[in-house]
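Written out below as structure tokens is the structure these notes cover.
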Amino acid sequence: MQLFRRSSEQGLTAYLRLPGSIAYARVDRRAAIPKLLAAGVAAVKGDNWGEALGRLHGKGPVSLVLNPADYRRRLLDAPNVPADELKSAVRWQIQDMLDFHADDGTVDVLQVPHPEHVSHARQIFAVAAKNSLLAEEAVLATNAGLDLTIIDIMETAQRNVATRLEAPGRALALFSFIETGALLTLTLDGELCMARTLGVNQTVLDIEGTESVLERLALEIQRSLDHFDRQFGGIPVDRLLLAPGASAAGLQNGLSGNLALPVKALDLAEVLDIGALPDANMLPPHCLHAIGAALRMEETKP
């Protein structure tokens with residue numbers, strides 16, 4: 001199965017497998033403003049993933065969002081090879097970051113924007129996942145009656161949300177919590193420029209409290225913004241958006257006083273039609289990435 005394979009259908013259901021649960025979302029993309037049809041977190045009884053997956057809403061194509069532990073991502077200078085040889089060249093460049101042989105994995109690439117004024121080499125994101133893991137996921141989905149056509153990752157799911165909120169000619173920073181930490185992405189013209197996992201997750205925030213982690217979180221975000229400026233100098237970052245969640249208000253207040261750019265809470269009503277789920281901004285955090293994966297459009301680049 002190919003990573004980032006595009007869907008030829010308009011409606012799309014996406015899900016993430018989490019410890020003991022599944023986060024899911026279904027989006028109808030036929031309207032000018034995509035419509036959120038369903039989203040939530042479903043509990044899994046024991047290891048009965050098939051039963052839980054079989055309860056996902058709707059029919060049609062399905063996307064699985066891999067957890068960060070299930071793939072490897074690296075930013076590379078693009079090899080100077082013909083397009084049809086790119087993945088083969090990248091496969092060997094990333095062998096040292098894999099815990100499996102490159103031939104036993106699926107590799108895909110994401111092009112990084114390269115504005116005319118940028119002097120450094122063109123760059124790409126290389127993403128690799130073990131074939132046996134992808135095969136296991138495919139079997140689970142097929143046995144549950146799902147038409148699994150797309151394998152996505154957290155970073156591109158988050159990008160799909162950010163794309164709908166960008167200002168022309170300006171980059172957008174989006175912050176969310178995932179299992180392994182906080183995911184900060186910067187996008188430009190609908191493409192992923194930067195993705196960093198910061199050393200604070202929701203559990204740390206809950207235990208230590210917002211005030212105690214704000215300083216180091218602001219420092220990590222500022223370092224990321226500084227790196228973006230070095231790589232894409234001249235392109236302003238429009239604002240930092242915080243994914244919906246119980247901690248968003250506290251983070252917004254704290255980060256606003258420590259960062260030299262506007263910090264706002266993300267409102268999903270600005271991304272898609274949430275009329276069917278008016279409380280969408282109160283959904284568990286993982287639903288954001290399910291929604292992002294379900295927003296993938298045919299013309300979206302992998």
Side-chain angles (χ1 to χ4, degrees), residues 1-5 7 11-27 36-73 98-100 104-106 127-158 176-183 197 200-207 243-247 276-277 279-294 296:
M1 181 174 296
Q2 182 181 356
L3 290 167
F4 312 122
R5 181 178 174 185
S7 170
L12 182 60
T13 299
Y15 69 93
L16 298 77
R17 289 208 299 134
L18 306 168
S21 64
I22 295 171
Y24 65 91
R26 180 166 178 78
V27 173
L36 182 62
L37 301 177
V41 174
V44 177
K45 299 178 181 178
D47 290 327
N48 197 349
W49 293 99
E51 179 186 355
L53 289 172
R55 297 198 305 268
L56 289 183
H57 295 267
K59 298 180 180 180
V62 172
S63 169
L64 165 66
V65 185
L66 295 176
N67 288 299
D70 295 335
Y71 60 91
R72 297 292 181 269
R73 168 183 54 81
L98 305 178
D99 56 1
F100 52 88
D104 297 327
T106 295
V127 181
K130 198 171 184 179
N131 286 336
S132 59
L133 181 144
L134 299 179
E136 290 173 6
E137 295 291 353
V139 169
L140 275 176
T142 299
N143 290 344
L146 302 179
D147 179 20
L148 182 61
T149 60
I150 309 168
I151 301 290
D152 225 322
I153 61 174
M154 292 283 192
E155 293 86 346
T156 49
Q158 188 157 308
S176 70
F177 284 116
I178 59 176
E179 288 293 313
T180 52
L183 177 61
T197 302
V200 176
N201 61 17
Q202 185 66 58
T203 301
V204 171
L205 201 67
D206 293 340
I207 293 174
S247 57
L277 284 87
D279 294 331
N281 287 311
M282 302 302 292
L283 288 166
H286 287 292
C287 291
L288 174 74
H289 296 94
I291 291 170
R296 177 176 290 278

Minimum-distance pair of heavy atoms, taken over all atoms of [X] and [Y]:
| X | Y | answer |
| --- | --- | --- |
| A23 | A290 | O-CB, 4.1 Å |
| A280 | L36 | CB-CD2, 4.0 Å |
| T13 | R26 | OG1-NH1, 2.7 Å |
| G20 | W49 | N-CH2, 4.2 Å |
| N131 | G105 | OD1-C, 3.3 Å |
| S176 | L288 | CB-CD2, 3.9 Å |

Test item: [X] and [Y] side chains (from C-beta on) under 4.5 Å apart, heavy atoms:
| X | Y | answer |
| --- | --- | --- |
| M154 | Y71 | yes |
| Y15 | L64 | yes |
| I151 | T106 | no |
| T197 | P68 | no |

Subject >> Within 6.0 angstrom of N48 CG, more than 12 heavy atoms from elsewhere >> reply: yes
[X] side, atom [atom1]; [Y] side, atom [atom2] - distance, nearest 0.5 Å:
| X | Y | atom1 | atom2 | result |
| --- | --- | --- | --- | --- |
| H289 | I153 | NE2 | CD1 | 10.5 Å |
| S21 | K45 | OG | NZ | 14.5 Å |
| L66 | L134 | CG | CG | 6.0 Å |
| D152 | L16 | CG | CG | 9.5 Å |

**OP:** For the pair N67 (side chain) and L18 (backbone), establish whether a donor and an acceptor sit closer than 3.5 Å, ignoring hydrogens and angles.
**Re:** no
Subject >> Heavy-atom donor-acceptor pair, Q158 side chain to L183 backbone, under 3.5 Å >> reply: yes
Subject >> With sequence neighbours excluded, residues passing side chain to side chain donor-acceptor pair (under 3.5 Å) with R72 >> reply: none
**OP:** Starting from the C-alpha separation in whole Å, work towards a yes-or-no answer on side-chain contact (heavy atoms from CB on, under 4.5 Å) for L148 and T142.
**Re:** CA-CA 7 Å; L148 182 61; T142 299; 6.0 Å; no
Original post:
Checking side-chain contact (heavy atoms from CB on, under 4.5 Å) for the pair R17/L140: CA distance, chi angles, key distance, verdict?
Top reply: CA-CA 11 Å; R17 289 208 299 134; L140 275 176; 3.6 Å; yes
Original post:
Can V62 and L53 be said to form a side-chain contact (heavy atoms from CB on, under 4.5 Å), step by step?
Top reply: CA-CA 11 Å; V62 172; L53 289 172; over 6 Å; no
**OP:** Could you tell me which residues satisfy side-chain contact (heavy atoms from CB on, under 4.5 Å) with P284, sequence neighbours excluded, listed by chain and number?
**Re:** V41, C287
**OP:** Only counting residues at least two apart or in another chain, list the ones meeting ring-ring contact (aromatic ring centres under 6.0 Å, His included) with F177.
**Re:** F175
